[in-house]
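Scroll down for the structure; my scribbles are underneath it.
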Amino acid sequence: MDDQPRAGPATAISGLPRLQPQAGKRNLNLRGDTKTVYEQVADLFGVKAEFDPDVTVRIVRLHVDDVDFSTAMSSSVRKREPFGAH
């Protein structure tokens, strides 16, 4: 109904950890398996990455320039071409 107050913006739930990556932008040119690449990105921004045991591991390449933590973590990773591919 129109008489009821509207909900305000969402607030943080107490007791849950808050992600606080280091500020700034980085240039990334990383290769390896999925977990290793994301661990490296997290480490560059002072964050520890943890993964679900069911995460699919594949060989990837992440090459992005001048990105902050959020952009780096949400960037697509491309599969590396097999050795000998042109």
Atom of [X], atom of [Y] and distance for their closest heavy-atom approach:
| X | Y | result |
| --- | --- | --- |
| Val37 | Gly32 | CG2-N, 3.7 Å |
| Phe45 | Val67 | CZ-O, 3.6 Å |
| Lys35 | Val55 | CE-CG1, 3.1 Å |

Under the side-chain hydrogen bond (donor to acceptor under 3.5 Å, both in side chains) test, which residues partner [X], sequence neighbours left out?
| X | result |
| --- | --- |
| Asp33 | Thr36 |
| Asn27 | none |
| Gln40 | none |

Exercise. Under a 4.5 Å cut-off applied to non-hydrogen side-chain atoms, are Phe69 and Arg26 in contact?
Worked result: no
Exercise. Do Arg58 and Val60 have side-chain heavy atoms sitting under 4.5 Å apart?
Worked result: yes
For this session: Taking Arg31 for its side chain and Leu62 for its backbone only, find out whether a donor-acceptor pair lies under 3.5 Å.
Result: no
How long is the span from the [atom1] atom in [X] to the [atom2] atom in [Y], to the nearest 0.5 Å?
| X | Y | atom1 | atom2 | value |
| --- | --- | --- | --- | --- |
| Arg61 | Leu28 | CZ | CG | 11.5 Å |
| Met73 | Leu19 | CE | CG | 8.5 Å |
| Asn29 | Asp65 | CG | CG | 8.0 Å |

